[in-house]
Amino acid sequence: MSSSPVKQTAITSYPKFIGRALWLATEGSFAFYAWMTVLTAVFLVGANAWANQVAGGMITTNMTDHVSWGLYIANFTFCVGLAAGGVMMVIPAYLYDDEEMHKVVIIGEAVAIAAIVMCTLSVVVDLGRPDRFWHLIPGIGKFNWPMSMLTWDVIVLNGYLLINLHVVGYLLYMRYLGRKPNVWWYLPFVFLSIFWAISIHTVTAFLYCGLGGRPFWNSALLAPRFLASAFVSGPAFIILVMRVLRVTTGYAAPTGPARTLIQIIRVAMTINLLMLVSEIFTVLYTGSAHAAPLNYLFFGDHGKNGLVPWIWTAIGMNLVGTALFFTPAALERSHVRILACLLVIVGIWIEKGMGLIVPGFIPSTLHEIVEYSPSLLEWKVVAGIWGLGLIILTLSLKLIVNVFTDRMHTDEPAT
Amino acid sequence: MTSTDPCNSQQAESKANRSLPIVENFTRRAAVKGGFATLGAAAFVAAISPLRQAAKSTTAVEFMQRHYTELSPEQKANVISRLEAETKEKYGADVTIADDRPIPGTKFVYAINLSVCNGNGKCVEACHKENNHDRSTNQSYIRVIEMPKGTMDMEKGSTTYSGIVPKDDKFYLPVQCQQCDEPPCVDVCPVKATWKEEDGIVVVDYNWCIGCRYCEAACPYHARRFNWKQPEVPAEEINPDQSYLSNRVRPVGVVEKCTYCLHRTRRGKLPACLEACPTGARVFGNILDKNSNIRWILENKRVYILKEELGTKPAFFYYFD
Amino acid sequence: MPRIASLFFAVLLCLFASVALAALWQSGMRANTPTSSAAEAQVSQASVHSNEAHPVIIRKPSGPPRIELAGTDPQGRTASVACSTCHSIRQANLENKTAATLDEFHQGMAFNHGNITCYACHNPNESDALRLADGSSVAYENVMTLCSQCHSKQAESFAHGAHGGMNGHWDLSRGPQMKNNCIDCHDPHVPKYPKMIVGFKPKDRFNEPSTAEHQQEGTAAHDKH
């Protein structure tokens, strides 16, 4: 069939493209198989933990009526940031016509796809009744739009996933066919994705900051802070991914994009820390009602200090990471660069997760202090989500490399 | 090996029939890949096998049930008889589940006299029993805060007080659902599983709630509770006098809340927490009735509402003598 | 491209503005609905109120107290006597203010009710009844009339359901309401509401266990008198 001289239509060639993509994406070295096996194992452990949670009720988590969101929503918030961070490659590539960035922008989009899948899963595992998920589907369920910010989030997250799947899929497919992509088929979507990336994180911030009963979240700075930290963690993650690609596949991305991303990290991290300081100052200096959660978070309250080690670890990591990013000489060494990226990624994961979601609930709205630390089951589930996210990311990166190194192309002669 | 997607193996097999260049040992690799994919899929099925147990307790009818407001009278009757049978089966108790609707011309309002309340917790217990709460956790919709005199700042209060009450220089602040006129919990619900009815009561359709707990995060009064597990109530302790939107035994994984005992109040009776109050601190009534107790209090006493600055407009007042 | 960029961010801004507008519009809608339903309700309310078929029943004391005699007769029967059995033949001490000076049947009685004399409330001329401030007699059953002379604020609140416990129905068209009287809760000689013990506490997961968990029902102190 493939040798048919007749020009193929998309209907026959696209499934073939998918098939080839899957076949080649599962080809690799021993190290690749080992990596994928580990990820699969982690994912299965997570899936099993989640199944047990559904069967036994959410009593198996350490969440309570006081701290009713925990590690899952924390991870969700971070993953939204990761997805939004990918846009920091799209903006230079398309708005400022950075040629080199253009070549690697698709990596950012792949990261976004994997991150959005992780977001969706993080929310699904947080549901008490996942069997009633269909109630959320507009049309057959009952969708409380536009009042509920969660419905906005459902829309923007799924929209962002579709946009990125379309852009990535279309560009790879065209490259595979050896054709020049039609600008009208992807450029509008690229611009839409820029808007959309900002909106996913803004809407996610609105999810929290719209709650008047939670003074810790009820701050106008929350959305900008979310964006600033997203533009640190996203690019840092992408730098790491490009590094891994260079080592494992020899797919050497140009150095320009990494430099741009480092610049973005420097600026975004500075803004993020500045906003953090400004928020801490406002709250602690006035000593208003908003001070209680911050006090608990940073110093502990009434002898309870479960989050204190978390937040100081995060702040330490962010500060050291930022210092490294501002030391160009050290940053030239690749292991320092990797360390700096890891530091800010983990630092922001804590700051936006355990350091942002959990203290929103402590003290509770009646000012009771009930602490929270995730149960083993919750850690397993989150690990499983990351396992699946990294499987998706690995497969899509392999596909991208295969296509871009012309290892995968259509058998059909170019017309 | 990696992908658990069954179509991967199919793809690989269908590909094996064609002769494509590039890959050596194609058939063998395809077989290995297919084998690992099958293994992965099997492992996945094994991993999520506890779900089968969970699925057993959910029938197809229950899964397909529409939202409360969309049920026809016959459908409602079916749902209710199904729920009654389920309670009999799971808890061994014969219960009657009614579908109490708002009385036209009523808007329920609650008031508590903080000069009189002595924090004895009888209301907490009455709520626990009346509403078929989980016995092992002593769950209740009411929390009482012991507050030092001279402040309304709940940060200075404590809910874990015990022993002899009232203590000198303390006053007691019972908090339950305030049945807000601008309820943030209703706004945030993504599936409209919670709404405000004409008599002012904010209710939850326990069979529609997806358990995301956004309402729990949104409520400024800690009024909502999540069923972290299936509630356990001995058959002889189950209150058989139930209502669909109120005190029927709740399923696991959904959010619930105070309904001003609508299974009582919509039949003209006083709420259980009020009847249990030995100090007479609690007052309940219809604010649209000009001669009601509640109207007299609002017109003649100094009233205070909790967290007024949030704009939630509670239908719940605190007053002092 | 920079031109497109600015255009793009303008679009972005518009979109967020529309979100905000949608939210505002929604809250406006919500604000309107209750008002309209309230207006309708006002109309139908009259009819609800007119058919108040059921009464508010205020519990009354059973009557004048009787004094249980300490001994039993040869048949083992106990007996009780009315206050007037002794007091009709004794001179009333109108000045007495404390139980300490009382003997016989009044031993061990506590008294802590302001600075008033026994005969401020008890009737010196009619021992099985009470006495109002104007000297007129009032039956024990109507003790609330007596209390209300001084505690008019409480009496007013009581009349409007804002003082004292109750049971039954809020809606008198559907059933009666039962209310306590003053001395159900307040010992007339020591009227301060008694202390109680907290008996029931919710046990939150991960909250420290409450120390009161195993203590007995809290009304003991209350029910004694």
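So that the names make sense, note that chain A is the first sequence line, chain B the second, and so on, each numbered from 1. Keep in mind that this is a model prediction, so the values were computed, not measured.
Looking at heavy atoms from C-beta onward, B:Val124 lies in side-chain contact with C:Pro202 at the 4.5 angstrom threshold. Residues B:Pro278 and C:Tyr193 form a side-chain contact, since some pair of their non-hydrogen atoms from C-beta on lies under 4.5 Å apart.
Between the CZ atom of C:Phe200 and the SG atom of B:Cys123 there is a distance of 10.5 Å, given to the nearest 0.5 Å. A distance of 11.0 Å separates CG in C:Leu172 from OG in B:Ser292, rounded to the nearest 0.5 Å. Expressed to the nearest 0.5 Å, how far NE2 of C:His169 lies from CZ of B:Arg264 amounts to 9.0 Å. For the atom pair CD1 of B:Ile103 and OG of C:Ser173, the computed distance is 7.5 Å after rounding to the nearest 0.5 Å.
Summarising the geometry of B:Arg266 relative to C:Arg174, their closest heavy-atom pair is O-NH1, 3.7 Å, with the distance given to 0.1 Å.
Between the side chain of C:Trp170 and the backbone N or O of B:Thr265, at least one donor-acceptor pair lies under 3.5 Å.
The interface of residues 143-167 of chain C with chain B, defined by heavy-atom distances below 4.5 Å, comprises C:Glu156, C:Ser157, C:His160, C:Gly161, C:Ala162, C:Gly164, C:Gly165, C:Met166, C:Asn167. Contacts of residues 108-123 of chain C with chain B at a heavy-atom distance below 4.5 Å are absent; not one residue qualifies.
For B:Glu308, the CD atom sits in a loose shell: 12 or fewer heavy atoms of surrounding residues, nucleotides or ligands are nearer than 6.0 Å.
Here B:Tyr214 pairs with A:Trp69 under the ring-ring contact (aromatic ring centres under 6.0 Å, His included) rule; sequence neighbours left out.
Heavy-atom pairs under 4.5 Å with chain C were tallied for B:Val165, B:Asn120, B:Val283; the largest tally goes to B:Val165. Interface check for chain C: of the options B:Asn113, B:Ile164, B:Asn300, the most heavy-atom pairs under 4.5 Å are formed by B:Ile164.
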Name every donor-acceptor pair, under 3.5 Å, that has one atom in a side chain of residues 169-178 of chain B and the other anywhere in the protein, sequence neighbours excluded.
{"residue": "B:Tyr172", "atom": "OH", "partner": "B:Glu146", "partner atom": "OE2", "Å": "2.7"}
{"residue": "B:Tyr172", "atom": "OH", "partner": "B:Lys167", "partner atom": "N", "Å": "3.0"}
{"residue": "B:Gln176", "atom": "OE1", "partner": "B:Arg282", "partner atom": "NH1", "Å": "3.0"}
{"residue": "B:Gln176", "atom": "OE1", "partner": "B:Arg282", "partner atom": "NH2", "Å": "3.1"}
{"residue": "B:Gln178", "atom": "NE2", "partner": "B:Gln176", "partner atom": "O", "Å": "3.0"}
{"residue": "B:Gln178", "atom": "NE2", "partner": "B:Tyr318", "partner atom": "OH", "Å": "3.4"}

### Message
Between C:Lys195 and B:Asn118, is the side chain to side chain contact (heavy atoms under 4.5 Å, CB included) condition met? List the steps.
### Response
CA-CA 8 Å; C:Lys195 298 256 183 192; B:Asn118 66 5; over 6 Å; no
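When heavy atoms are compared at a cutoff of 4.5 Å, B:Phe108 approaches chain C solely by way of its side chain, counted from C-beta outward. The contact between B:Ile297 and chain C is made entirely by side chain atoms (from C-beta outward), counting heavy-atom distances below 4.5 Å.
Annotation: cation-pi geometry satisfied between C:Lys201 and B:Tyr161 (NZ/CZ under 6.0 angstrom from ring centroid, within 45° of ring axis).
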